[in-house]
Amino acid sequence: MAAPRNIVILTGAGISAESGIDTFRAEGGLWEQHRIEDVATPEGFERDPDLVLNFYDMRRAALATVAPNPAHEALARLDAEFDGELLIVTQNVDDLHERAGARRVLHMHGELKSALCRICERRTPFEGTMRQRPACPMCESRSLRPDVVWFGEMPYEMDRIYAALRAADLFVSIGTSGAVYPAAGFVRDAREMGAHTLELNLERSEGSHWFHESRQGRAGELVPAWVEEILR
Ligand code: BJW
């Protein structure tokens with residue numbers, strides 16, 4: 001294809017795997033350790049808030065023990081040096097894209113280091129643990145929940161994402177299984193709207209056949225090589 005001028009990148013848990021963060025659907029991954037219904041649905045939170053707050057408190061604390069890997073660093077370099085339009089849409093709730101230096105990042109499934117107040121519905125930066133029920137800094141009610149998007153909830157900034165997909169001439173999906181919608185449908189949306197589509201993943205994902213091109217391997221190797229091609 002001609003040199004791209006407008007790139008949308010979708011990242012998933014696979015890009016953070018080499019940093020030591022568990023993916024969801026791998027053998028031994030998060031969904032083998034915890035039931036989705038218990039920790040990633042509003043109903044699970046209603047049933048047992050302590051279990052859910054603990055699950056996210058532990059994952060938030062673990063962020064201090066990990067660091068960005070060469071794939072995050074390569075995307076941060078792309079963000080700094082690519083002078084066309086770029087949007088990194090991540091499904092990840094970690095902060096490794098930002099810690100690598102990327103700025104044009106959108107967290108469609110929320111962030112571990114953010115809290116959502118169930119009373120005033122405002123989002124605030126959050127560090128520490130929620131199991132002691134800290135007060136919301138905006139309305140002071142003790143009703144904070146993790147600011148993450150659970151099954152059945154609407155992901156963040158869908159209008160902005162679809163606008164970016166409409167304008168994209170290249171869509172790149174990195175380290176995601178293609179099992180969760182609406183993110184899994186972005187490749188079809190982008191392709192129908194005229195973008196070239198590329199997958200970089202350890203293995204072929206569920207929606208691999210929708211991509212014009214699919215490369216298999218570790219993100220820490222594939223992503224720096226692809227960024228080099230774009231910036232050449
Ligand atoms: C490597 C690697 C290395 C490993 N290098 N690669 C029936 C049909 C269609 C849709 C639905 C349906 N029934 C219900 C739905 C909707 C539902 C859904 O999709 N369900 C599916 C199970 C079918 N979706 C929702 O409810 C969403 N909301 C919604 O749809 O709202 C309505 C709406 C309508 C229209 C438009 C817009 C909205 C909300 C979904 C919320 C997902 N939440 C979670 C938890 C977030 C908080 C948390 O982190 O705990 O998000 S679930 C979990 O899955 C997390 C992830 O972001 C998400 C995706 O996972 P991901 O990133 O792909 O990880 P894995 O583990 O699956 O894959 C990792 C990949 O990396 C693998 O392929 C590896 O091979 C690879 N890899 N190491 C490169 N080193």
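In each ligand, atom 1 is the first atom listed, and ligand 1 is the first ligand listed.
Looking at Ile15 and Leu75, their side chains come closer than 4.5 Å, going by heavy atoms from C-beta outward. Between Leu106 and Arg160, the closest side-chain pair of non-hydrogen atoms falls below 4.5 Å. Two residues are said to be in side-chain contact when any heavy atoms from C-beta on lie closer than 4.5 Å; Arg204 and Gln216 meet this criterion. Within the 4.5 Å cutoff, side-chain heavy atoms of His34 are placed close to those of Leu30. Counting heavy atoms from C-beta on, the side chains of Leu144 and Arg142 never come closer than 4.5 Å.
Checking atom 16 (C) of ligand 1 against the protein gives no heavy-atom contact under 4.0 Å. In this structure, atom 40 (C) of ligand 1 has a protein heavy-atom contact shorter than 4.0 Å. Within 4.0 Å of atom 13 (N) of ligand 1, not a single protein heavy atom is present. Protein heavy atoms are absent from the 4.0 Å sphere centred on atom 34 (C) of ligand 1. Note that atom 56 (C) of ligand 1 has protein non-hydrogen atoms nearby, at separations under 4.0 angstrom.
Smallest separation of non-hydrogen atoms from Met130 and Ser114: CE-O, 4.2 Å. Nearest heavy-atom pair, Ala102 versus Ala76, reported as atom, atom and distance to 0.1 Å: N-CB, 3.6 Å. Annotation for Glu199 and Phe211: closest pair N-CD2, 3.5 Å, computed over non-hydrogen atoms.
Using a 4.0 Å cut-off to heavy atoms of Val180, the atoms of ligand 1 that qualify are 19 (O), 40 (C), 42 (C), 54 (O), 58 (C), 59 (C). Here is the list of ligand 1 atoms found below 4.0 Å of a heavy atom in Gly175: 6 (N), 69 (C), 70 (C), 71 (O). The ligand atoms of ligand 1 that sit less than 4.0 angstrom from a heavy atom of Gly152 are 25 (C), 26 (O). Near Thr23, with a cut-off below 4.0 Å to any heavy atom, the atoms of ligand 1 are 66 (O). Listed by atom number, the atoms of ligand 1 under 4.0 Å from Ala17 heavy atoms are 78 (N). Residue Ala219 approaches ligand 1 through these ligand atoms, each under 4.0 Å from one of its heavy atoms: 3 (C), 5 (N), 79 (C). Below 4.0 Å from some heavy atom of Trp31 lie the following atoms of ligand 1, by number and element: 52 (S). Atoms of ligand 1 found under 4.0 Å from any heavy atom of Gly12, numbered from 1 in the order shown, are 62 (O).
Residue Arg59 places a heavy atom less than 4.0 Å from ligand 1. For the ligand labelled ligand 1, residue Gly217 lies inside the 4.0 Å heavy-atom shell. Ligand 1 lies nowhere less than 4.0 angstrom from a heavy atom belonging to Ala40.
Of the candidates Ala183, Gly14, Pro182, Gly29, it is Gly14 that places a heavy atom closest to atom 4 (C) of ligand 1. Comparing heavy-atom distances from atom 28 (N) of ligand 1 across Glu18, Glu203, Glu153, Arg215 singles out Glu153 as nearest. In this comparison of Leu10, Val149, Val148, the heavy atom closest to atom 46 (C) of ligand 1 sits on Val149. Taking each of Tyr56, Trp150, Phe151 in turn, the one with a heavy atom nearest to atom 47 (C) of ligand 1 proves to be Tyr56. Atom 24 (N) of ligand 1 has its nearest heavy-atom neighbour, among Tyr162, Phe55, Tyr181, in Tyr181. Selection from Met154, Glu221, Arg204 by nearest heavy atom to atom 38 (C) of ligand 1 gives Met154.
Residue Arg25 has at least one N or O atom closer than 3.5 Å to an N or O atom of ligand 1. The N/O atoms of Ala13, backbone and side chain alike, include one that comes under 3.5 Å of an N/O atom in ligand 1. Looking at Gln91 next to ligand 1, an N or O pair under 3.5 Å apart turns up. Considering backbone and side-chain atoms alike, Phe24 places an N or O below 3.5 Å from some N or O of ligand 1.
When hydrogens are left out, the protein atom nearest atom 76 (C) of ligand 1 is Asn201 OD1, 3.4 Å; that is the closest non-hydrogen contact. The protein heavy-atom contact nearest to atom 21 (C) of ligand 1 is Ala179 O, 3.5 Å. Looking at atom 63 (O) of ligand 1, its nearest protein heavy atom turns out to be Thr176 OG1, 2.6 Å. Atom 51 (O) of ligand 1 has its closest protein heavy atom at His109 ND1, 3.2 Å.
Geometric assessment of Arg123 against the ring of Tyr156 yields a positive cation-pi assignment under the 6.0 Å and 45° thresholds.
A side-chain donor-acceptor contact under 3.5 Å links Gln91 and Thr176. Between the side chains of His212 and Thr197, at least one donor-acceptor pair of N or O atoms lies under 3.5 Å.
Contacts between Leu202 and ligand 1, counted as non-hydrogen atom pairs separated by less than 4.0 Å, involve both the backbone and the side chain. Using a 4.0 Å cut-off between heavy atoms, Pro155 contacts ligand 1 through its side chain alone, with no backbone atom that close.
Atom OG1 of Thr129 sits about 5.0 Å away from atom CG of Asp57, to the nearest 0.5 Å. Remark: Glu153 CD to His109 NE2 distance equals 10.5 Å, nearest 0.5 Å.
Under the 4.5 Å side-chain contact rule for hydrophobic residues, Ile161 and Ile9 do not share a cluster.
Between Phe171 and His196, the gap from one ring centroid to the other reaches at least 6.0 Å.
No more than 12 heavy-atom neighbours from other residues, nucleotides or ligands sit within 6.0 angstrom of CZ on Arg218.
In this structure, the side chain of Ser16 does not engage the main chain of Ser19 through any donor-acceptor pair within 3.5 Å.
Between His97 and the choices Asp79, Thr11, Asn92, the side-chain hydrogen bond (donor to acceptor under 3.5 Å, both in side chains) rule is met once, by Thr11.
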